[in-house]
Protein chains: 2
Amino acid sequence: MGTNGRRTGRPTLEAVAQRAGVGRGTVSRVVNGSPRVSDQARAAVQAAIAELGYVPNRAARTLVTSRTDSVALVIPESESRLVAEPYFTAIIRGVSAELADTDMQLLLILVRNARERERLAGYLTSHRVDGVLLVAVHRDDRLAELLERIEIPAVLAGRRSGTEPLTHVHPDNVGGAVRAVRHLLERGCRNVATITGPLDMDVGHARLQGWSEALRAGGAEPEDDLVATADFTEEGGREAMRALLERRPDLDGVFAASDVMAAGALQVLREHGRRVPEDVAVVGFDDSIVARHTDPPLTSVRQPVEEMGRTMARLLLEQIAEPGGERRHVVLDTELVLRDSA
Amino acid sequence: MGTNGRRTGRPTLEAVAQRAGVGRGTVSRVVNGSPRVSDQARAAVQAAIAELGYVPNRAARTLVTSRTDSVALVIPESESRLVAEPYFTAIIRGVSAELADTDMQLLLILVRNARERERLAGYLTSHRVDGVLLVAVHRDDRLAELLERIEIPAVLAGRRSGTEPLTHVHPDNVGGAVRAVRHLLERGCRNVATITGPLDMDVGHARLQGWSEALRAGGAEPEDDLVATADFTEEGGREAMRALLERRPDLDGVFAASDVMAAGALQVLREHGRRVPEDVAVVGFDDSIVARHTDPPLTSVRQPVEEMGRTMARLLLEQIAEPGGERRHVVLDTELVLRDSA
DNA sequence: CACGGGAGTGGGAGCGCTCCCACCCGGTGG
DNA sequence: CCACCGGGTGGGAGCGCTCCCACTCCCGTG
C-alpha cells in the first residue's frame with residue numbers, strides 16, 4: 001500500500017530493480033540491451049526478471065518513446081475481391097513470418113470505403129503505427145499519396161507507376177508475361193491474344209507490355225485486336241474471351257493476366273467448342289489454387305507472393321530503424337509452372 | 001520551453017483544455033462521453049478539439065486504464081494449410097467489418113510452432129490485448145486451454161467438443177451434412193459414401209454424424225466401409241476416394257466434408273471412368289472458390305463464414321464490455337448450393 | 001601523487017492520460 | 001436564515017517506462 005496502489009498483479013520495472021538490488025536505470029538498460037552494464041548487474045537483473053516473470057509494459061514504453069512497435073498491413077477491400085484471394089493470405093503469411101522474430105505487432109486494416117479511408121488517415125497521422133504496408137496499389141492511389149504526404153515509413157506491394165518514389169516490392173510482371181508468351185510461341189502458337197488486367201494498375205500494364213515484348217522478340221507484331229482488357233474477375237475473363245473470339249477467330253493462344261480470368265476464358269473456349277490446348281493454348285498468371293482445378297489444369301506464371309510479404313516486412317523494418325535511408329525497389333523473379341492448358 | 005518539453009507537435013488534452021478555457025477533467029469527460037458536463041462546456045471543448053485536430057494518445061490512455069482497445073485474431077498456421085484458405089480471408093473480412101465502427105484495433109497473430117505458441121502465451125498473459133478470437137479449433141486445443149486458463153475474453157470459431165465452455169461460433173455442421181446427404185438420397189443414390197475430415201476436430205466429427213443421421217432418416221444404415229477419413233487436403237481426398245472405390249465399387253454418391261477433398265475425389269472418379277454425376281454424385285462442403293472451378297462444378301454446402309467472423313467479433317466485444325457475462329454459443333445456418341456434380 | 005576521464009550506476013523528471021477528491025454554487029427543506 | 005445536497009468543475013496523483021544528468025569509482029597519464 002502507500003505509494004504503490006498497483007491494480008494489476010504484474011511486476012513492474014521497479015519491482016525487478018528492487019529484487020535485483022539495482023536501480024531502475026540499470027534494469028532498463030538490461031532490458032533494452034545496452035552494453036553499458038556490468039556482467040554482474042546484468043546477471044542479477046536477468047535472474048530477477050525470470051523469477052518475477054517480468055514483461056515490459058508496452059503502453060508505458062510507447063508513451064515515452066512514441067514508438068508503437070507495431071506496423072499496419074492495409075488492404076483496400078474494393079480491390080481485394082478482384083485480385084485472387086490467396087494472394088492476400090500469402091502476403092499476410094510472409095509478413096507475419098518476417099515479423100515473428102521481432103516484437104513488432106501486426107495490425108490488419110481493411111479499408112472498404114471513403115469513410116474508412118478517412119479514419120485510416122487520422123490513424124496514421126496520429127502515428128499509431130511505426131510503419132505501413134500497402135497492397136493492391138493502383139495508379140493515382142489515394143492511400144499511397146497519403147503515405148507519401150505524411151512521411152511515415154511505408155512499403156508498397158506493386159507501384160503506382162514506373163517512377164514510384166516510395167519503397168516497393170513486386171514480381172517481375174514483364175518478365176513473367178514474356179515467359180508465358182514465349183512458351184506459347186514455342187508451342188507453335190501463331191496468334192497469341194492477351195486478356196489484360198485493369199490498365200490503370202501497373203501490374204495490368206506491365207503484363208501487357210511483356211506480351212508485346214515477347215511477340216516482337218518472336219518476330220510477330222502485337223496487334224490491337226489481340227488485346228482485350230478485363231478487371232481480374234472471372235466474368236471479366238469470360239467477356240474478354242468472347243470479344244477476342246469474335247474479333248480473331250484465328251487465335252490459337254491466350255495469355256491471361258490472372259488465373260481467375262483464365263478460368264473464365266477456359267469456360268468460354270469450351271462453350272465455343274475450342275479444345276484446350278489443342279486448338280487454343282492458355283496460360284494464366286498467379287499460380288493460384290484455381291489453376292490446379294480448372295479443366296484442363298492451367299499452366300501459369302508463379303509469383304512468389306509469400307516471399308514478397310517477407311521482403312516487404314524486411315524493408316519496412318529497415319526503414320523504421322533508419323528513417324532517413326533511401327527508398328528501395330525490389331523485383332522478385334517469376335517462374336512458369338507447366339500444366340495441361342499450354 | 002519551461003515545463004513543456006513537447007517532442008511531437010500533436011496537441012494534448014492539456015492544450016485542448018487551455019484552448020477551450022476549461023480544465024483537463026472536463027475535456028476528458030467530453031472525449032469519453034460522460035453526461036456530467038454542461039452543454040456549454042461540451043460545445044467549447046468540441047470546438048477546441050476540432051480546431052486543434054486533437055486525437056487522444058492511445059498509449060497514455062492504456063497506461064492508466066490498462067485497456068488496450070485491441071483484439072487479437074489468432075490463426076494456428078499448421079491448420080491453415082488444411083482448411084480451405086478462403087475461409088480465413090472471409091473470417092478476417094467479417095471480423096474487420098464488425099470492428100470498423102469501434103475504435104478497436106485488430107491484431108493478426110499467426111502461430112506456426114511451439115516457440116511461437118509460447119510467445120503468444122506470454123503475450124496474452126501480459127494482457128496486451130483485450131480479447132482473443134481463435135480459429136481452427138481442434139480437440140485438446142492447447143491454445144483454447146490457454147485462453148480458458150488465463151481467463152481472457154475469447155471467442156472460438158468451432159469448438160473442442162460438444163461441451164465447449166468458451167464462447168464459440170460455428171456453422172450447423174450436422175445440419176449441413178444432413179442437407180447434403182438428403183439431397184443425394186433424393187437424387188436416387190443408394191450407396192452414399194463420405195470422406196470425413198480429421199475426427200479429432202469437432203467439425204470432422206459433426207459432418208460425419210450428419211451423414212449418419214441423414215442415412216438413417218432415409219431408411220438406410222450407415223455402413224462403416226462407406227466411411228473414409230482424410231485430412232481436408234486434396235491428396236487426402238484422392239486417397240480416401242481410392243479406398244472407397246476399392247471397398248465399395250457399388251457406391252453411387254459421395255459426401256465430402258470439404259470442397260478441396262471433393263476436388264481430389266472428382267479426379268480419382270474420373271481416372272476410374274466414373275461419370276459425375278451420372279454414375280456417382282458428389283457434394284462438397286464450404287462452397288469455396290474451388291467449387292466453381294472443378295469439373296464438373298461442385299454442389300456444395302455453403303457456410304456463412306463472413307457472418308461467422310462478424311458474430312465472433314460482436315460476441316467478443318460484448319464479453320469485453322461485460323467480463324462477468326455468461327458464455328455464449330451461436331450456430332449459424334448452412335445452405336446447399338446446387339451445381340452440376342449432384 | 002594529483003588529476004582527467006571513462007565506465008557503471010541511481011534516480012528525478014516527465015510522457016499524456018484517467019481517476020478521484022475537493023471544491024463551488026445555486027436550489028431546496030427545515 | 002442556514003445547513004444540506006448534488007450537478008458541474010479543476011487539478012493533483014499516479015500509471016510504468018525511458019531519458020538524461022549527476023555521481024561514484026578506478027584506471028591511466030603527466
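First the proteins, then the strands, lettered A, B, ... as listed; each starts at 1.
- For Arg19(B), the salt bridge (charged side-chain N to carboxylate O under 4.0 Å, His left out) partners at least two apart in sequence or on another chain are Glu51(B).
- Note on Arg61(A): only backbone sugar-phosphate atoms sit closer than 4.0 angstrom, heavy atoms only; bases stay farther off.
- Take Ser34(B) and apply the side chain to side chain contact (heavy atoms under 4.5 Å, CB included) test, not counting sequence neighbours, and it matches Arg29(B), Arg36(B).
- At least one side-chain nitrogen or oxygen of Ser38(B) sits closer than 4.0 Å to the OP1 or OP2 atom of dT9(D).
- Evaluation of the salt bridge (Lys or Arg N to Asp or Glu O under 4.0 Å) test over residues 59-76 of chain A, restricted to residues two or more places apart or in two chains, returns Arg67(A)-Asp69(A).
- If one axis is set at each end of the helix from dC1(C)-dG30(D) to dG30(C)-dC1(D) from five pairs, those axes are 50° apart, to 10°.
- Under the side chain to side chain contact (heavy atoms under 4.5 Å, CB included) criterion, Arg327(B) pairs with Leu166(B), Thr167(B), Gln319(B), not counting sequence neighbours.
- Judged as a salt bridge (charged side-chain N to carboxylate O under 4.0 Å, His left out), and not counting sequence neighbours, Arg149(A) has no contacts.
- The side chain of Thr26(B) contributes an N or O atom lying less than 4.0 Å from OP1 or OP2 of dG10(D).
- Regarding contacts with the backbone of dC15(D), every side-chain N or O of Asn57(A) stays at 4.0 angstrom or more from both OP1 and OP2.
- Shown here are the salt bridge (charged side-chain N to carboxylate O under 4.0 Å, His left out) partners of Glu118(B), two or more places apart in sequence or in another chain: there are none.
- Under the rule for a ring-ring contact (aromatic ring centres under 6.0 Å, His included), His127(A) has no partner lying at least two apart in sequence or in another chain.
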Do any N or O atoms of the protein come closer than 3.5 Å to N or O atoms of nucleotides 20-24 of chain D, and which pairs are they?
none

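- A donor and an acceptor atom sit less than 3.5 Å apart, one in the side chain of Arg24(B) and one in the base of dG12(D).
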